[in-house]
2 protein chains.
Amino acid sequence: MARTAGRPPRSKAEILEFRSKIGKHALEIYRAEGFEAISMRRLAKAVGCAPMTIYAHFDGKTDILRYLWADVLTDMSGDIAEKLKSVAGPSERLQSAAHSFIAYWIDHPDHFRLVFMSNDVTRADVSTFVMGEDTLAHFLMFSDLIREVHPEEHDVKMSTDTLISGLIGIALCMNTMPDYPWADPTSMTNQLLLSIIT
Amino acid sequence: MARTAGRPPRSKAEILEFRSKIGKHALEIYRAEGFEAISMRRLAKAVGCAPMTIYAHFDGKTDILRYLWADVLTDMSGDIAEKLKSVAGPSERLQSAAHSFIAYWIDHPDHFRLVFMSNDVTRADVSTFVMGEDTLAHFLMFSDLIREVHPEEHDVKMSTDTLISGLIGIALCMNTMPDYPWADPTSMTNQLLLSIIT
DNA sequence: ATAATACTTGGAACGCGTTCTATATTAATG
DNA sequence: CATTAATATAGAACGCGTTCCAAGTATTAT
């Protein structure tokens with residue numbers, strides 16, 4: 001301990017506050033004008049700081065974009081929950097959620113790109129959290145639905161991950177290769193569900 | 001007809017030749033130094049023309065990258081075929097192919113990004129072919145394998161598309177969200193296959 | 001006050017994809 | 001030959017993400 005002289009480092013609270021402040025402005029721009037409109041120079045102007053300052057708090061643009069994930073995922077979860085209200089049976093509920101999931105990403109290709117096509121595939125800094133608790137919850141909702149269908153044993157974790165990644169794959173294909181005559185996404189989703197429900 | 005004066009448009013053969021010439025150089029750079037190394041200015045230098053000229057033949061960078069797909073997919077198909085040599089039963093062959101598919105994209109994240117994460121999600125020019133006959137063949141191989149498993153009716157087209165997009169989804173998740181504790185990719189692939197094989 | 005440390009700032013710079021414009025260059029017709 | 005249309009070229013420009021650096025500002029212990 002025994003601080004030497006000089007300005008002390010910012011408290012963790014301050015750091016988080018600044019980060020979320022930048023994230024808030026990024027979200028504003030994204031909602032108003034979409035993905036392309038978010039630029040570091042512009043974001044800095046919106047926040048009211050120098051472009052350089054942002055780099056002191058974030059590793060880069062992708063690191064900022066992660067702040068928008070939660071927002072999009074919340075929107076998606078809301079969509080699913082809304083449609084889920086009027087569905088009763090366990091397997092029907094799982095199916096409804098899956099179809100809503102697909103529909104959401106097909107209806108919002110820009111959101112899909114934001115969440116699933118962030119372009120820093122290269123570096124996998126395990127240190128950063130990437131998927132926080134809250135972000136995760138939006139996906140684990142499928143676990144609950146699967147558990148309702150299979151109250152017995154069954155490897156819920158694996159079924160969930162398979163379903164999620166499978167669904168994301170369908171959405172990716174529809175988004176990135178729209179010219180290929182894919183089978184009906186609804187049919188594909190049902191087919192995918194077969195491996196979980198049966 | 002009755003041509004007016006002036007230089008005639010290039011023949012289709014010439015156009016294709018120029019395009020493939022650019023594609024060839026792009027592939028060279030990609031193989032030698034990877035994705036990031038491909039830039040329009042540098043590519044022009046390699047081809048021996050002005051950067052502007054490329055834009056007369058391609059819509060943009062993404063349009064060029066498509067030329068590299070075939071190469072990557074051929075490589076992948078080779079990988080699958082190689083491992084498939086020593087596998088006998090119909091369903092075993094399908095499983096082998098699926099696992100090889102996943103393994104390939106996990107082992108080559110840069111290739112995955114090149115093929116499945118081209119960033120022009122926005123515009124869907126139906127006019128451009130996007131997936132040529134040859135490119136397509138690498139995916140339709142799964143159709144044959146599925147048909148071997150199910151000689152009867154069964155909607156092969158839909159099963160194939162579901163399997164392909166599901167596999168791509170698993171690969172995408174492993175590549176873009178490496179920090180999330182996904183279930184074992186092998187297990188997920190098997191789970192995915194359940195919906196097709198049964 | 002002074003010195004030491006942490007952080008912010010402004011500006012320049014690099015290479016990028018892309019667009020624009022004005023100026024060749026090429027190859028056909030008349 | 002000249003004319004005319006198709007193409008290629010050079011160069012500048014825009015905004016982008018990102019990096020570097022020198023200078024400034026803020027906050028603390030001494």
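Per chain, numbering begins at 1; letters A, B, ... match sequence-line order.
A cation-pi arrangement is absent between Arg19(A) and Tyr67(A) under the rule of less than 6.0 angstrom and at most 45 degrees off the ring axis.
Atoms CG (Asp63(B)) and P (dT18(C)) sit 10 Å apart, rounded to a whole Å. When the P atom of dC16(C) is taken as reference, atom CE of Met40(A) falls 20 Å away, rounded to whole Å. Residue Ile22(B) contributes atom CD1, which lies 13 Å from atom C1' of dT7(D) at whole-angstrom precision. Nucleotide dT18(C) holds its C1' atom 15 Å from the CG atom of Leu43(B), rounded to whole Å. Taking atom CD of residue Glu36(B) and atom C1' of nucleotide dG17(C), one finds them 14 Å apart after rounding to whole Å. Here dC16(D) presents its C1' atom at 8 Å from NZ of Lys61(A), a figure rounded to the nearest Å. Summarising the geometry, the separation between CD on Glu17(A) and P on dC7(C) is reported as 15 Å, rounded to the nearest angstrom. When the C1' atom of dG17(C) is taken as reference, atom CZ of Phe35(B) falls 12 Å away, rounded to whole Å.
Ring-plane geometry between His108(A) and Tyr104(A) is classed as tilted, the angle between the planes lying from 30 to 60 degrees on a 0 to 90 degree scale.
Among the heavy atoms of the strands, none lies under 4.0 Å from Ile64(B).
Between Ser39(B) and dG15(C), a side-chain N or O to OP1/OP2 separation shorter than 4.0 Å is absent. The side chain of His57(B) contributes no N or O atom lying less than 4.0 Å from OP1 or OP2 of dT7(D).
Ring centroids of Phe139(B) and Tyr180(A) are separated by 6.0 Å or more, keeping the two rings apart.
Residues from residues 47-55 of chain A placing a heavy atom under 4.0 Å of any atom in DNA chain C, listed by number, are Cys49(A), Ala50(A), Met52(A), Thr53(A). A heavy-atom distance below 4.0 Å to DNA chain C is reached by none of the residues of residues 23-34 of chain B.
Both Trp105(A) and Leu140(A) sit in one connected hydrophobic cluster of ILVMFWY residues. Membership requires side-chain heavy atoms under 4.5 Å apart, directly or through other members.
Applying the side-chain hydrogen bond (donor to acceptor under 3.5 Å, both in side chains) rule to pairs touching residues 43-58 of chain B yields Arg10(B)-His57(B), sequence neighbours excluded.
If you run salt bridge (Lys or Arg N to Asp or Glu O under 4.0 Å) between Arg31(A) and each of Asp75(A), Asp110(A), Asp71(A), only Asp71(A) comes through.
With hydrogens and angles left out, the side-chain atoms of His99(A) and Thr189(A) include no donor and acceptor closer than 3.5 Å.
The backbone N or O of Val156(A) lies less than 3.5 Å from no partner atom in the side chain of His150(A), so there is not a single donor-acceptor pair.
Side-chain contact check for Val149(B) versus Ile196(B): every heavy-atom pair is 4.5 Å or farther apart.
Judged by atom type and distance alone, Arg41(B) reaches the base of dG17(C) through a side-chain donor-acceptor pair under 3.5 Å.
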